[in-house]
Structures are given as structure tokens and as C-alpha cells.
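Below, chain A is the first sequence line, B the second, and so on; all start at residue 1.
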Protein chains: 2
Amino acid sequence: MKTAGGFGRGPAGNRSAAHGAGRPCCRRGGGGGLGAFVEPAALAALLAKPAHGYDLRKEISLITDGQVEVDAGGLYRVLRRLEDEGFVTSAWAEGGTGPQRRDYQLTAEGRELAQDWITRLRERERLSRILADALSAQTEEPDGRNG
Amino acid sequence: MKTAGGFGRGPAGNRSAAHGAGRPCCRRGGGGGLGAFVEPAALAALLAKPAHGYDLRKEISLITDGQVEVDAGGLYRVLRRLEDEGFVTSAWAEGGTGPQRRDYQLTAEGRELAQDWITRLRERERLSRILADALSAQTEEPDGRNG
DNA sequence: ACCAACTATATGTTATTAACATATAGTTGT
DNA sequence: ACAACTATATGTTAATAACATATAGTTGGT
């Protein structure tokens, strides 16, 4: 997910060493940061309309007003896994021009999984608020000004 | 984090195979689920008051009204890493009875990191809401009933 | 005196997930 | 002819939680 602003770690600097290429190193993310997003985003896009992978990525950006951008590689990986698990079906599209497309759509189980994700996301929202509030409460200054 | 309710995956069942022990297998979580929680929770507890590890775990439960329970092993690991990175200092406590205690407290940089986490958690809260709303919008039934 | 429960710290391991990187290949527009 | 877009896909690194297990010192109940 490409959200605004990084989350560098100081003061000891980023823990990952620079790559051998000698350029400023990038850093792998891991879902631990903001939590899993690609799967629910994919489900939301598929609920809107069945589509091929590349289009789904654009649909995700559309239905979240540009707030969520998913990694193409990760999206295809998630779609494959969802199909393996029975939440999605896909087939190569006939005709058309350009590179071969694979059309995806949700199964009934996929719609149920989407419901599960609503619950999970509301829970994540709630716990994020609880923790942010706990942190904020401890950093209030005596005169009420916040840091 | 031990939150209410699991998040099993169907219909193909859990992907992890049962352990060789032949008992119902547990499953490792990974931060991808709800996102990182142990570090901000530890920082919130330390902002409330410097304390030893075991007490911090209880403080976390206290300041989140029992909503957040962190794994003890993970908490000690995070405390050590935060110390390695300069956000926390610790020292063995003198005197007292029972097992040896290690007292932790935040550094100035640790307080800054706590500020960073407020920002990050608000962002997570916001994005969780956006995604949950996107999913909910697609599952509304024509007569307005929600699934 | 014995033992369960609590206190207290710590490492090993498995699993989930995102991000960065790179690859191949077919159109389209300049 | 070539850059940019379209479209799919795998390799790899890194972040993080959860489960498991270990060691060791009190305390309280029987």
C-alpha cells in the first residue's frame, strides 16, 4: 500500500543495511505495519464488478478515492490464492486485443469472506483508535495542548 | 493480540497443516492480520509510567480497558529491540523479592517515536474505515438492509 | 513439606503479509 | 523505432504476531 509519508525509524537509523548496489536502499514492508490490505481491497473491487487483474487494481484506487494503491504483483498473488481457496473463480478472456487477460469474479464463499473482512476491518479501526487514544492521553501537556 | 473472535478461512479450511503432534493445530498469526500492536502498546504503557516488563503487560491491559493483551514473549522482544534502537533504557532493579526485574523507561527519542505511532495509528484507523466502507457499500441490498 | 499459581525474563519457531525487484509479452501513439 | 501503457507473474527481503517452551524465585493453600 502506498500511503502518504514514510515511517522511518530513528535514532539508530533504518535497521536494514544498504544494498550492495550502493544506492539509497528501499525497505521491504511486511503486513505488520498497517495490516493486511490487499485481500480486502481485492474483494471490494470484485464486489463492485468482476474484472481482470489490471482493471481491479484501478478499481481499488477508484472506490477508495485514490487512498489505496496496491502492488500489482501482490494483487495477482492474492487473486491466485483466493482462487485456490475457493473464494474467486477466473478464466482467460476470449478475443480482445493486447496481452491475454484473466477475468475474475467472486464465489458465494467469496461474498461471505468479504463480510468477514468488514468485521475485521471495523475491529482494526476500533483497536487503532483505542491505541492512538491511549498514546494521546499520555502525551497531553498540562495546559491541554497536544504534542 | 488476543481480540474477540478468530478469523478462520473457508471454504478450503485453514491452510496450515496440523502439527505432527496429532492435536488440533494452532496457527501463527503474523502482523499482517490487524497490524503491528505490541510496539505502540508498549510505548503507551511506558508513557503512563516507567515499569518492568511484567508490569507493562498489565498496564497495557489497564489503559486499553482489557481490549489489548500482548504476548509476553513478544513484549520482551520489542522492549529489547527498542533499547537497541535507542528509544528505551533499562536496568536491573536492585533489591526486592522474587525473580530479578528489569525496569524500563522511555528516552526522549522514545517519546518522539510514540508521537509517530499516534500518526500511524490514526492513518490505520482511517484506511480501515475507508476499506470497510468500500466493502459495505458493495454489499448493501437494494432495500437498504445490510448483510 | 509439597505443590500450584503467580511473578519475571527470555529464546525458538511458524506463519502472515507487504514492498521492492524483475521478467515476459502485446498494443498504441508519437 | 521506441516509450508508455496494458497485462500477468515469480523471486526475494523484511516486518510482525502467535504459539511454544524454558528457567527461576516467591507466595499461599493444603
Side-chain angles (χ1 to χ4, degrees), chain A residues 1-3 6-7 9 14-21 23-42 51-58 68-81 90 92-93 96-104 120 127, chain B residues 1-3 6-7 9 14-21 23-42 51-58 68-81 90 92-93 96-104 120 127:
Chain A
M1 159 171 299
K2 300 171 178 63
T3 60
F7 192 61
R9 296 183 66 83
N14 284 343
R15 291 173 65 221
S16 63
H19 277 177
R23 66 176 182 79
C25 179
C26 38
R27 183 173 181 176
R28 265 65 164 186
L34 292 166
F37 272 87
V38 180
E39 179 172 311
H52 60 285
Y54 194 88
D55 217 30
L56 285 172
R57 183 164 184 269
K58 290 198 281 186
V68 176
E69 299 291 338
V70 303
D71 177 67
L75 177 58
Y76 286 107
R77 208 145 12 205
V78 163
L79 288 170
R80 277 303 173 91
R81 179 171 52 70
S90 73
W92 289 104
T97 64
Q100 197 77 36
R101 294 178 177 182
R102 199 172 183 87
D103 291 322
Y104 295 92
R120 193 167 178 82
L127 290 167
Chain B
M1 160 171 300
K2 300 172 177 62
T3 60
F7 194 60
R9 296 182 67 81
N14 284 344
R15 291 172 67 222
S16 64
H19 278 176
R23 65 180 183 78
C25 180
C26 38
R27 182 170 182 174
R28 265 66 165 183
L34 291 166
F37 270 86
V38 180
E39 180 172 311
H52 60 285
Y54 194 87
D55 217 29
L56 285 172
R57 183 163 183 270
K58 290 197 282 186
V68 175
E69 299 289 340
V70 303
D71 176 66
L75 177 59
Y76 286 110
R77 208 147 11 207
V78 163
L79 288 171
R80 278 302 174 92
R81 178 171 52 71
S90 74
W92 289 106
T97 63
Q100 197 76 34
R101 295 177 176 183
R102 200 172 182 87
D103 291 323
Y104 295 90
R120 193 165 177 83
L127 290 165

Find the distance [X]:[atom1] to [N]:[atom2] and express it as a whole number of Å.
| X | N | atom1 | atom2 | value |
| --- | --- | --- | --- | --- |
| B:F37 | C:dT16 | CZ | P | 19 Å |
| A:R77 | C:dA23 | CZ | P | 16 Å |
| A:R81 | C:dA15 | CZ | C1' | 12 Å |
| A:E69 | C:dA18 | CD | C1' | 15 Å |

Do side-chain atoms of A:Q100 reach the backbone of A:A93 as a donor and acceptor pair under 3.5 angstrom?
yes

A:Y76 (side chain) donor-acceptor with A:Y54 (main chain) under 3.5 angstrom:
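Such a contact is found between A:Y76 side chain and A:Y54 backbone.
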
Nearest heavy-atom pair of A:L79 and A:G53: which atoms, and what distance?
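Taking A:L79 first and A:G53 second, the nearest heavy atoms are CD1-CA, 4.2 Å.
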
Result for 5'-nearest mapping on DNA chain C, choosing between A:G74 and B:G73, is B:G73

Within this structure, what is the [atom1]-[atom2] distance for the pair [X] and [Y], rounded to the nearest 0.5 Å?
| X | Y | atom1 | atom2 | answer |
| --- | --- | --- | --- | --- |
| A:H52 | A:S90 | NE2 | OG | 13.0 Å |
| B:F37 | A:L127 | CZ | CG | 4.5 Å |
| A:L75 | A:R57 | CG | CZ | 8.0 Å |

Nucleotides 1-7 of chain D: protein proximity per nucleotide (B base, S sugar-phosphate only, - neither; heavy atom, under 4.0 Å):
-----BB

Identify which nucleotide among C:dA18, C:dC20, C:dA10 has an atom closest to any side-chain atom of B:W92, counting heavy atoms from C-beta outward.
C:dA10

